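Right, one structure below, let's go through it.
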Amino acid sequence: MSKNISLRIPDEDYEALKRRAEAEHTTVSAVITALIRRDPRLYGAGARVRADIDRYGAEFATAFPDEEPDGPAGGRGTEAA
């Protein structure tokens, strides 16, 4: 289930959201929802970090092979010295 809301934001912020949504081939609503879900004040920070490791760990491992995060998708779980 979802709810409709009215939101007033400055024109430049809306344009930035719109550009990001277009670049990601998604909607402004989806971008805003993703931003809201990253707010640790709304959702448990620990759970969010675990979810991000699960979701982005493999990409992080590829980009930074010597600094992989621990976690299921993180692979070796090494840390930089």
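Predicted model only: the values in this text are computed from it and were never measured. Position 1 is the first residue of the sequence, and the numbers go up from there.
The side-chain hydrogen bond (donor to acceptor under 3.5 Å, both in side chains) check on Arg20 picks up Glu24, with sequence neighbours excluded. Looking at residues two or more places apart in sequence or on another chain, you find a side-chain contact (heavy atoms from CB on, under 4.5 Å) between Ala30 and Thr26, Thr27.
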Review item, side-chain donor-acceptor pairs of residues 2-14, under 3.5 Å, at least two apart:
none

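Minimum interatomic distance between Val28 and Ala21 (heavy atoms only, all atoms of both residues): N-CB, 3.7 Å.
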